[in-house]
Amino acid sequence: MTTSATPRAHPGFIATPRASLTPRPPARTPGQRGAPAVDVRDFSFAYGSRRVLRRLSFGIERKSVTAIIGPSGCGKSTFLRSINRLNDLIPGIRHEGDIMVEGTSVFSPSTDLVRLRQQVGMVFQRPNPFPKSVFDNVAYGPSLNLLVARRDLPDLVERCLRQAVLWDEVKDRLDEPGTALSGGQQQRLCIARALANRPEVLLMDEPCSALDPVATQRVEELIVELKRDYTIVIVTHNMQQAARVSDFTGFFDRGELVELGETERVFTSPAHERTEAYITGRFG
Amino acid sequence: MTALPERAVTPTAAGSGTPLLERGSGGDRIFQTVLTLGAVTIPVLLGFLVLELWTGARLAIGKFGLGFVTSSTWDPVAEQFGALPLIFGTLLSSLVALVIAVPLSLGVAIYLTEFAPKVIREPVAFLIGLLAAIPSVVYGLWGIFVLIPILRTSVFPLLRDTLGFLPLFQGPIYGPSMLAAGIILAIMVMPYIMSVSREVLLAVPDTQREAALALGATRWETVVTTVVPYARSGIIGAVILGLGRALGETMAVTMLIGNRHEIAASLFAPGYTMSAAIANEFSEAVGDMHLSALAYVAFLLFVVTVLVNAGARLLIWRVSRGSAAGGKAL
């Protein structure tokens, strides 16, 4: 757990929950917290000879929202896509170290990728519903992974659409193609689709960057709502968004974790010059 | 011809004499006229084609009427003609070709876009595309000297022994047959179906693949549940392109199908197609009625092709409703 190159990173960081800013789920005191939901252990990542992530070591707390901010090309998305190994498709990638999700190694050769990706859901930058019906979009994961019996699918779909605050808008159009919904609805449909897999961790890669302000607000409210049940890691370019929705904020720069702490603290009194320069808009 | 749109009054044009706009407009006018003429030529040619076929076939149409389509007699001496075996042969040989070619070309296209190592993707696709450049008479010769001996000595007997309970694989084995023609057609249409479906599969956005993978689909499940359905209307288009090729193919089919005016249930039996009959008999036809009957066959081939294509378009249209893309790929 050493970060020799970056002594300012917090080795094995687990933050203590703070009091306000966003409502917290009840019954969560420091004593009850166990190991972090996602534990990054001396993790480095490279595309060929280009090193993208350097010796990251930190923990992401369970049932909270952790925002990852940083300038373009700092490795935020690569990090996010390492957690569910979606980078596997790219030829010539290398990594060192490991990431643990709920105690299971992500990169161990014995890792069941299907199980990992069921456990770690993902929402993408652009809404990408399948050109199937709304119902089939949500039912995709559970039917594929045989999570529930066929006759229980309608209940599950309804529950997930309700959780994604989309049910009232689509309950009469479950047969219509998901691609016919508005952009904001499509993104909430994608969230419902991810939830249907009953994940423990939800990764969001700039989920609002393709949405208008009203749709953005709805998705943000949804994120705050969802952390009651899920561990959420969100990558965002929008620092106001990070401040609004997250409990913890990590600042990445040039593949390193510069700083990770409670959002309020990071935004009001950043411990590092680079963080301060970034959040005050002096670069990035 | 469509009227040229009046030059729009643009704010910049007002009062300035508009030399640039004038000059640009003149060029535009000529360009548009040339293009319009080009575009009009094609329907006009098509119209003349149909007219010519119709006048050529008038004699036969007058004598046989629609009975021509349902009759199986083909007797130039008695001047009795019926095209049913030809229509049957054209449709069946194309169907056989599609049954063989579609799974094969789709498999290759999927392998090349989703699974093959990067270095071999382009070379293999190029080689398959090259198949389309081989003249059909060469396919025909290859069929006679290589394919038919292999079929006659090993493939057909094997089929008869294993699938002989089906009427399709019964009866005497000659060599030249419906199945031989279907196989050569399959090889000939494969490059078209493969190249077009490959393009369509390549056009499926990576975000779709990522969405499926991130939900726990394996690569195979991603292809089956996401990539192929996304591309389905484009894939149907590719199949139709292949079907169009197969329906009209003449030379290789004539050399392999056996050229017998007969409807047989067995694929081992010889048959005939519309295009093969026209090619074979046109130069030897002496009677006016014989010539006219061949023109009637040509007219029917045209009608069959149009019907099949229209039906296929309808299918694409129905399938692509509700699908985000793919239909546009055509």
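Just so it is clear, the model here is predicted, and its values are computed rather than measured. Below, chain A is the first sequence line, B the second, and so on; all start at residue 1.
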- Note on the structure: Honestly, the part of A/Arg85 sitting under 4.5 Å from a heavy atom of chain B is neither
- Task: Using non-hydrogen atoms and a 4.5 Å limit, figure out which bit of A/Pro129 sits close to chain B: side chain, backbone, both or neither.
- Result: backbone
- Message: So for A/Tyr140, is it side chain, backbone, both, or neither that comes closer than 4.5 Å to the heavy atoms of chain B?
- Response: side chain
- Task: Tell me, for A/Val120 versus chain B, whether the close heavy atoms (under 4.5 Å) come from the side chain, the backbone, both or neither.
- Result: backbone
- Could you tell me which of B/Gln208, B/Glu221, B/Lys118 has the largest number of non-hydrogen atom pairs under 4.5 Å with chain A? B/Gln208
- Task: Answer whether the closest heavy-atom distance between the side chains of B/Asp206 and A/Leu89 falls below 4.5 Å.
- Result: no
- Query: Looking at A/Arg193, A/Arg126, A/Met122, which makes the most heavy-atom pairs under 4.5 Å with chain B?
  - Reply: A/Arg193
- Under 4.5 Å from a heavy atom of chain B, the part of A/Leu113 involved: neither
- Message: Strictly distance-based, threshold 3.5 Å: is any side-chain N or O of A/Asn84 a donor or acceptor partner for the main-chain N or O of B/Gly216?
- Response: no
- Message: What's the separation between atom OG1 in B/Thr225 and atom NZ in A/Lys132, rounded to the nearest 0.5 Å?
- Response: 5.5 Å
- Item | CZ (B/Phe165) with more than 12 external heavy atoms under 6.0 Å | yes
- Hey, is CG on A/Asp155 packed in by over 12 heavy atoms from elsewhere, all under 6.0 Å? yes
- Nearest atoms (heavy-atom pairs only) where A/Asn197 meets B/Leu215: ND2-O, 2.9 Å
- Item | A/Gln118 side chain vs B/Ala214 backbone, donor-acceptor pair below 3.5 Å | no
